Protein chains: 2
Amino acid sequence: MYLANPTKQTAVTTADKVFEHMQHAIVEGEIPSGSKISEPELAKRYQISRSTLREALNRLEKCHLIERKANVGSRVVDCTIEGLLELYITREALEGMACRQAALNMSDKEIVDMQAMLQKHAQTQELKDGVAYYQEEGDLDFHYKIILGSHNKQLIDLICGQLYHLVRMYRFQFGMNSPRASRAFNEHSQIIQAIFDRDGELAEMLMRRHIAASRKNIENKIAQQALSEINEQK
Amino acid sequence: MYLANPTKQTAVTTADKVFEHMQHAIVEGEIPSGSKISEPELAKRYQISRSTLREALNRLEKCHLIERKANVGSRVVDCTIEGLLELYITREALEGMACRQAALNMSDKEIVDMQAMLQKHAQTQELKDGVAYYQEEGDLDFHYKIILGSHNKQLIDLICGQLYHLVRMYRFQFGMNSPRASRAFNEHSQIIQAIFDRDGELAEMLMRRHIAASRKNIENKIAQQALSEINEQK
DNA sequence: TTAAGTATTATTGTCGACAATTTACCGTTA
DNA sequence: TAACGGTAAATTGTCGACAATAATACTTAA
């Protein structure tokens with residue numbers, strides 16, 4: 001079971017609901033990357049007042065999905081290659097440390113649960129040849145579990161509450177639902193083993209390599225896309 | 001010249017001004033750590049409407065200085081030892097990476113400027129025996145310069161825009177304006193040298209040690225305080 | 001006297017309107 | 001034709017009032 005935001009309880013206020021809706025809309029490109037946000041227009045579309053819309057916008061800004069300028073307005077963040085690289089470098093730092101902390105702080109039960117999850121993913125992968133499934137949902141589940149396992153509120157909030165919305169946005173917009181599944185699976189196994197051994201130093205190093213590899217994979221994908229587009233034009 | 005927030009331009013809107021004012025008030029303990037925030041009361045005190053106050057509160061929440069619960073209200077974050085440790089662990093991850101990136105991305109001119117700054121701080125330190133000065137302003141200047149030198153917007157925003165407000169709050173509330181000055185100075189020199197040599201790996205390691213040492217220093221301070229308080233009660 | 005349930009008060013969430021600023025348009029001029 | 005200036009439109013920032021929710025005080029029953 002995959003959670004878009006494992007740290008947040010169900011929305012109670014209407015601003016919450018609008019926030020969640022817009023969050024998905026932005027991540028999945030329904031509201032295009034880089035586009036300007038018109039407060040009056042959106043307020044009318046969602047049938048709410050501008051006040052509650054602005055409340056939602058504030059939360060979107062908090063997770064870096066939009067950018068605001070005083071007296072000018074809000075824009076959806078645009079997905080650039082530089083932005084992607086910066087995001088993954090930040091991920092490498094934060095998730096690496098989270099993984100180290102997880103090795104120190106996770107309870108035995110948490111570790112067992114995570115091993116079980118990995119087993120389940122392995123079976124699912126074999127059954128369906130479910131490459132896309134594993135990469136998308138399984139990978140996120142794995143990373144979320146480790147981040148939560150750090151038991152560090154600061155890290156958890158920064159990564160899950162802010163960074164990961166952007167990660168999902170980049171994955172979606174650049175069409176990265178895919179391979180590297182078996183390699184990723186092996187890397188996940190190694191990381192869990194390091195955590196099981198309570199070897200924080202190794203766990204951090206492996207996680208950093210894992211994310212760096214993921215970044216390079218995406219870079220290659222983008223390069224391929226650019227190439228094929230050039231060939232089409234001929 | 002020390003900047004509270006090197007990434008932000010001067011405030012233009014009244015919500016900005018209220019935000020900055022409250023930011024200082026919270027960091028310096030004028031609005032006590034852990035206290036509840038009454039929107040009607042504060043709106044009256046600052047002579048503004050609740051709407052613009054709530055806008056300011058949203059920004060305070062963004063840099064983790066307050067916490068909000070739906071239909072309940074806002075509280076100033078409380079300074080706990082666990083929170084301090086979590087904060088410094090996060091700093092270690094982020095600033096370590098920022099330092100690595102700075103070694104790769106800083107321009108030669110930026111590096112020269114930073115070396116000059118260190119020289120100036122050294123002289124100031126000798127002249128005034130200015131331990132407090134160096135630790136407080138000089139240390140922050142140094143760290144800001146490196147973070148900005150990473151040329152990574154994601155890292156800069158996370159560290160300068162969010163984490164450092166909390167760092168300053170903890171320093172202020174736990175009364176950490178002081179020593180370790182000469183040791184810190186030497187560590188700063190080493191870090192700059194590594195950046196000058198474009199050795200990202202070493203730069204990251206040194207920065208992480210530097211922050212870990214700073215954390216341990218604060219831990220000791222707190223332990224001493226706790227001891228002396230016990231002795232006073234006898 | 002205490003506990004639970006209800007009524008009251010206070011606080012937060014939401015709304016629509018006005019003020020201030022920016023953007024867009026248009027006419028004038030070099 | 002292009003550039004500059006000024007006016008008009010639109011957008012954002014701010015305000016005060018109302019609705020919904022939570023905290024408090026009070027009453028009543030065991």
Side-chain angles (χ1 to χ4, degrees), chain A residues 5 7-26 31-78 161, chain B residues 5 7-26 31-78 161:
Chain A
N5 189 342
T7 62
K8 189 177 50 185
Q9 65 278 30
T10 54
V12 290
T13 181
T14 64
D16 281 325
K17 295 172 197 163
V18 173
F19 163 68
E20 287 188 2
H21 194 257
M22 289 187 69
Q23 183 182 301
H24 282 94
I26 290 175
I31 303 176
S33 161
S35 67
K36 181 165 187 333
I37 286 182
S38 162
E39 292 185 7
E41 181 198 326
L42 275 183
K44 204 173 67 179
R45 185 193 304 179
Y46 289 122
Q47 304 276 28
I48 57 175
S49 86
R50 269 184 57 223
S51 308
T52 101
L53 176 68
R54 282 164 69 87
E55 180 74 33
L57 292 182
N58 269 314
R59 301 188 202 177
L60 290 171
E61 189 188 14
K62 248 185 35 172
C63 48
H64 296 90
L65 290 177
I66 69 171
E67 290 169 345
R68 295 176 66 192
K69 264 193 283 189
N71 287 314
V72 173
S74 313
R75 303 196 81 87
V76 179
V77 69
D78 41 20
Chain B
N5 188 343
T7 61
K8 189 177 48 182
Q9 65 279 34
T10 54
V12 289
T13 180
T14 65
D16 281 324
K17 295 172 197 162
V18 174
F19 163 69
E20 288 189 359
H21 194 257
M22 290 188 69
Q23 182 182 301
H24 281 94
I26 290 175
I31 302 176
S33 160
S35 66
K36 183 169 186 331
I37 287 182
S38 162
E39 293 184 5
E41 180 197 326
L42 273 184
K44 204 173 68 179
R45 185 192 304 179
Y46 289 123
Q47 304 276 31
I48 56 174
S49 88
R50 267 183 60 225
S51 308
T52 100
L53 176 68
R54 282 163 69 87
E55 179 74 33
L57 291 183
N58 269 315
R59 301 188 203 178
L60 289 171
E61 189 188 14
K62 248 184 39 174
C63 48
H64 296 89
L65 290 178
I66 69 172
E67 290 170 345
R68 293 176 67 191
K69 263 193 284 190
N71 287 315
V72 173
S74 312
R75 302 196 81 87
V76 178
V77 71
D78 40 20

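Note that the structure is a prediction, hence the values are computed from the model and not measured. Numbered from 1 within each chain, the chains take letters A, B, ... in sequence-line order.
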A.B. asks: Let me know the distance between CG of N71(A) and C1' of dA10(D), rounded to the nearest Å.
C.D. replies: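 Going from N71(A) (CG) to dA10(D) (C1'), I get 13 Å.
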
A.B. asks: Looking at NZ of K36(A) and OG of S74(A), how far apart are the two atoms once the value is rounded to the nearest 0.5 Å?
C.D. replies: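 The NZ atom of K36(A) sits 6.5 Å away from the OG atom of S74(A).
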
A.B. asks: Name the closest nucleotide to the S49(A) side chain, picking from dG13(D), dT21(D), dG16(C).
C.D. replies: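 Closest nucleotide among those given: dG16(C).
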
A.B. asks: Just the rounded figure in Å: distance from P of dC15(D) to CZ of R50(A).
C.D. replies: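 So the CZ-P distance, R50(A) to dC15(D), works out to 14 Å.
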
A.B. asks: How many whole angstroms separate atom CG of L57(B) from atom C1' of dT11(C)?
C.D. replies: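 Rounded to the whole Å, the gap is 13 Å.
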
A.B. asks: Nearest whole Å is fine: how far is dC15(D) C1' from E55(B) CD?
C.D. replies: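 It works out to 14 Å between those atoms.
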
A.B. asks: Assuming nearest nucleotide by heavy-atom distance, tell me which of S51(B) and I37(B) is located more 5' along DNA chain C.
C.D. replies: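 That would be I37(B).
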
A.B. asks: Side-chain contact, heavy-atom cut-off 4.5 Å: I37(B) with V76(B)?
C.D. replies: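 Touching, per the 4.5 Å side-chain cut-off.
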
A.B. asks: Output yes when at least one side-chain N/O atom of K36(A) is less than 4.0 Å from OP1 or OP2 of dT12(D), else no.
C.D. replies: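 Yes, K36(A) has a side-chain N/O under 4.0 Å of OP1/OP2 on dT12(D).
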
A.B. asks: Round to the nearest Å and state the distance from R68(A) atom CZ to dG13(D) atom P.
C.D. replies: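 Rounded to whole Å, this separation is 6 Å.
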
A.B. asks: When you measure from the side-chain N and O atoms of T14(B) to the phosphate of dG13(D), is any distance below 4.0 Å, counting only OP1 and OP2?
C.D. replies: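 No, because none of the side-chain N or O atoms of T14(B) sits under 4.0 Å from OP1 or OP2 of dG13(D).
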
A.B. asks: Hey, does the side chain of T13(A) come within less than 4.0 Å of dT14(C)'s phosphate (OP1/OP2), counting only N and O?
C.D. replies: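 True: T13(A) side-chain N/O within range (under 4.0 Å) of dT14(C) OP1/OP2.
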
A.B. asks: Search all heavy atoms of A15(A) against all heavy atoms of E55(A) and return the closest pair with its distance.
C.D. replies: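 Nearest heavy atoms, A15(A) then E55(A): CB-CG, 3.6 Å.
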
A.B. asks: Can you tell me the distance, in whole Å, between the CZ atom of R54(A) and the P atom of dT12(D)?
C.D. replies: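 It works out to 8 Å between those atoms.
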
A.B. asks: Roughly, in whole Å, what's the span from CD in E39(B) to P in dT14(C)?
C.D. replies: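 So the two atoms are 12 Å apart, to the nearest Å.
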
A.B. asks: What is the distance from CG of D16(B) to P of dT12(D), rounded to the nearest Å?
C.D. replies: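 So the CG-P distance, D16(B) to dT12(D), works out to 16 Å.
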
A.B. asks: Find the distance between CD (E20(B)) and CG (L60(B)) and round it off to the nearest 0.5 Å.
C.D. replies: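 Answer for the CD-CG pair, E20(B) versus L60(B), is 11.0 Å.
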
